[in-house]
Amino acid sequence: MAQSERDRRLTGEEAEAPRLEHVVARILAETERAVEVYDGILEEIGRSLGWDLGAVWEVDPDDGRLRCARTWQARAAPDEFEALSMSLVLAAGEGLPGRVLASGEPVWMVDAPQDSNFPRAAAARRRGLHAGLGFPLQSPRGVVGVVEFFSSRSRAPEHDLLAAMGALGSQVGQFVARRGVEEAVRVSESRLRAMLEAALDAVVTMDHHGRVIGWNPAAEATFGYRPAEVIGRDMADLIVPPSLRRVHRDGLARYLGTGHRAVLDRRLELTGMRRDGTEFPVELTVTRIALPGPPTFTGYLRDITDRVRAVDSLRASRARLVEVADAERRRIQRNLHDGSQQRLTAVLLYLGRVRSAAEGPQPLLDAAIDELAAGLDEIRALAGGLHPSLLAERGLAPALEALLMRTPMAIELDQLVERQLPEAVEVAAYYVIAEALANVQKHSGATQVAVRATTDARFLHVSVCDDGIGGADASGAGLRGLADRVEALGGRFSVDTPPSGGTRLLADIPCGTASSAAWPADPGG
């Protein structure tokens, strides 16, 4: 090309650069989708600067490789080079787009078919392409794409044009990155909205003033309010029972003032209130949304009425079984005491009279009397083990004192309950202590045992601690039976028995006062 001709063309391209910047800025301002921007800049740059074919390659955020997203050519006809571009996946450093990606700078290719690092060289030769230009779409997070153009003419590197295209690439790259983030946010929000719409659990979002700012369809079905009726209103007035609202508000204020965490990210069983004022059990998990600004909380609530009923039914069934078993033990104990034991006692008295009236020693009679007396002692012990009469007649404290006196080892009695408790509670506590002491004697090798039985407003607390070898089998029949008995009354039973030694058996048995569920005292966690 003659020098004057080249200079005239360069002067035209230099004059075109400001217009292109203006046109690209307008495209970016008026276009929402990245692919539409690609179409616009390929068309404007290609036709204005006399290129025959162009393409935009996007960097895949997952694998960092380049894939062709859009193509343009001056003549509208099927093209092998264009089809090949759409099918390729290029790594950094591979081909013209890969070299731009690797360097982060514009690249000029003098003659594409002769370039050794150009996978589409054969197709470019058949298409009659020669010069190539590639520039990066730069963004704050790096190169997000590459734009390339090809010409059927041979063109020497034009540094001013490379600089101008680099500047345009930064504009477009920032737009693409921003639109990518916005699209990701939209997709995320759509996905979250779909999840909330489909969620079976009620999802309620509350701001730091305690006002509702989110309410999904399951919340509407659970509590009976439509979203339009609750947004902006105080949540406590809507779904917290009146008796618990002050606790809820005080807890929120405490969290906002001190950051004290009480219920955050924990699963709790509490009480909720429907629109008609009926109260029902709910399972609640509260989490704080990690966003800048004042705290926002989301609660995930599930109506557990059916589950609570099932648990109550199961507990009642277990309690009835324990009650029936205890009644049967009492019946057997009475029969032994009032029947067999009395008859055998009478026989023992008869034999004593016979021995008194006999002349001379009666070894066989003496042996029979001794055996019968031993059998009576065993029957008394068996009857006492089935259901001690002292427990029924005088209560737990005297029955435990008698039990401890009969135990052939030193026992420290720390504290003992004084007041009368429901019979089922006293029976459960008695058998927990009796079974624990029996296990200590048989298996532990302990030298010290401490027994404690105390009450508070709600529970009878029982503990038996020893210094034995430990390793007790909490799943064994004896301890498992005790756990069933305690849990049937709504209590808690546990055994702490480390291999290092010592065993601590604990039972907390409700004294008959039902514990009421409450709304979380600290909704912020």
From [X] [atom1] over to [Y] [atom2], what is the distance, rounded to the nearest 0.5 angstrom?
| X | Y | atom1 | atom2 | result |
| --- | --- | --- | --- | --- |
| Asp496 | Arg504 | CG | CZ | 7.0 Å |
| Thr222 | Asn216 | OG1 | CG | 8.0 Å |
| Ile433 | Leu505 | CD1 | CG | 9.5 Å |
| Ser139 | Arg179 | OG | CZ | 14.0 Å |
| Asp466 | Thr497 | CG | OG1 | 8.0 Å |
| Phe280 | Met273 | CZ | CE | 9.5 Å |

Expected output: side-chain Glu229 to main-chain Arg226 donor-acceptor under 3.5 Å
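Yes, Glu229 side chain to Arg226 backbone: donor-acceptor pair under 3.5 Å.
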Hey, is the main chain of Gly104 close enough, under 3.5 Å, to the side chain of Gln138 for a donor-acceptor pair?
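Yes; at least one donor-acceptor contact below 3.5 Å.
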Before you tell me yes or no, could you show the steps for Asp237 and Arg233 under salt bridge (charged side-chain N to carboxylate O under 4.0 Å, His left out), namely the whole-Å CA-CA distance, both residues' side-chain angles and the distance that decides it to 0.1 Å?
CA-CA 8 Å; Asp237 291 338; Arg233 293 180 58 185; over 6 Å; no
Does any donor atom in the side chain of Asp467 or Thr447 lie under 3.5 Å from an acceptor atom in the other side chain?
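Indeed, the side chains of Asp467 and Thr447 share at least one donor-acceptor pair under 3.5 Å.
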Can a salt bridge be assigned to the pair Asp250 and Arg246 using a cut-off of 4.0 Å between side-chain N and carboxylate O?
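Judged by the 4.0 Å cut-off on N to carboxylate O distance, Asp250 and Arg246 do form a salt bridge.
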So do the side chains of [X] and [Y] get within less than 4.5 Å of each other, counting heavy atoms only?
| X | Y | value |
| --- | --- | --- |
| Trp57 | Leu88 | yes |
| Cys68 | Glu58 | no |
| Arg65 | Val59 | no |
| Val37 | Phe175 | yes |
| Val176 | Gln174 | no |
| Leu137 | Val143 | no |
| Leu479 | Val495 | yes |
| Tyr430 | Leu403 | yes |

May I have the list of side-chain donor-acceptor pairs in residues 202-212 shorter than 3.5 Å, sequence neighbours left out?
residue: Thr205; atom: OG1; partner: Thr298; partner atom: OG1; Å: 3.2
residue: Asp207; atom: OD1; partner: His209; partner atom: N; Å: 2.9
residue: Asp207; atom: OD1; partner: Gly210; partner atom: N; Å: 3.1
residue: Asp207; atom: OD1; partner: Arg211; partner atom: N; Å: 2.9
residue: Asp207; atom: OD2; partner: Arg211; partner atom: NE; Å: 3.1
residue: Asp207; atom: OD2; partner: Arg211; partner atom: NH2; Å: 3.3

Taking ring pair (Phe, Tyr, Trp, His ring centres under 6.0 Å) as the definition, give me every residue that meets it alongside Trp215, ordered by chain and number, with sequence neighbours left out.
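Per chain and number, Trp215 pairs via ring pair (Phe, Tyr, Trp, His ring centres under 6.0 Å) with Phe223.
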Shortest non-hydrogen separation from [X] to [Y] and the atoms involved:
| X | Y | result |
| --- | --- | --- |
| Arg245 | Val240 | NE-O, 2.8 Å |
| Leu489 | Ala424 | CD1-O, 3.7 Å |
| Ala428 | Ile509 | CB-CD1, 4.0 Å |
| Cys511 | Leu421 | SG-CD2, 4.2 Å |
| Leu101 | Gly64 | CD2-O, 3.8 Å |
| Val462 | Ala429 | CG2-CB, 3.9 Å |

Side chain to side chain contact (heavy atoms under 4.5 Å, CB included) evaluation trace for His461 with Thr455:
CA-CA 6 Å; His461 304 283; Thr455 58; over 6 Å; no
Check whether NZ of the Lys or CZ of the Arg Arg492 lies under 6.0 Å from the centre of the six-membered ring of Phe459 and within 45 degrees of that ring's axis.
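Yes; both conditions hold, so Arg492 lies above the ring face of Phe459.
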Is the CG atom of Leu200 crowded by more than 12 outside heavy atoms at less than 6.0 Å?
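Check fails, neighbour count at 12 or below.
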Should we say atom CZ of Arg480 is surrounded by more than 12 heavy atoms from elsewhere, each under 6.0 Å from it?
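More than 12 within 6.0 Å, yes.
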Step-by-step side chain to side chain contact (heavy atoms under 4.5 Å, CB included) determination, Leu400 to Val451:
CA-CA 10 Å; Leu400 287 179; Val451 175; 5.7 Å; no
Which residue pairs pass the side-chain hydrogen bond (donor to acceptor under 3.5 Å, both in side chains) test with at least one member in residues 299-309, sequence neighbours excluded?
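As it turns out, the side-chain hydrogen bond (donor to acceptor under 3.5 Å, both in side chains) pairs with a partner in residues 299-309, which skip direct neighbours, are Asp201-Arg302, Glu269-Arg307, Arg274-Asp303, Glu283-Arg307, Asp303-Thr305.
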Start with the C-alpha distance between Arg452 and Val464, add both sets of side-chain angles, then the distance that settles side chain to side chain contact (heavy atoms under 4.5 Å, CB included), and finish with yes or no.
CA-CA 7 Å; Arg452 181 186 178 105; Val464 180; over 6 Å; no
What residue among Val486, Asp508, Leu506 forms side chain to side chain contact (heavy atoms under 4.5 Å, CB included) with Ser494?
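One option only clears the test, and that one is Leu506.
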Side chain to side chain contact (heavy atoms under 4.5 Å, CB included) between Val286 and Leu284, worked out
CA-CA 7 Å; Val286 179; Leu284 168 69; 3.7 Å; yes
Given Glu220 and Arg275, is the salt bridge (charged side-chain N to carboxylate O under 4.0 Å, His left out) satisfied, shown in steps?
CA-CA 10 Å; Glu220 178 180 350; Arg275 180 173 187 162; over 6 Å; no
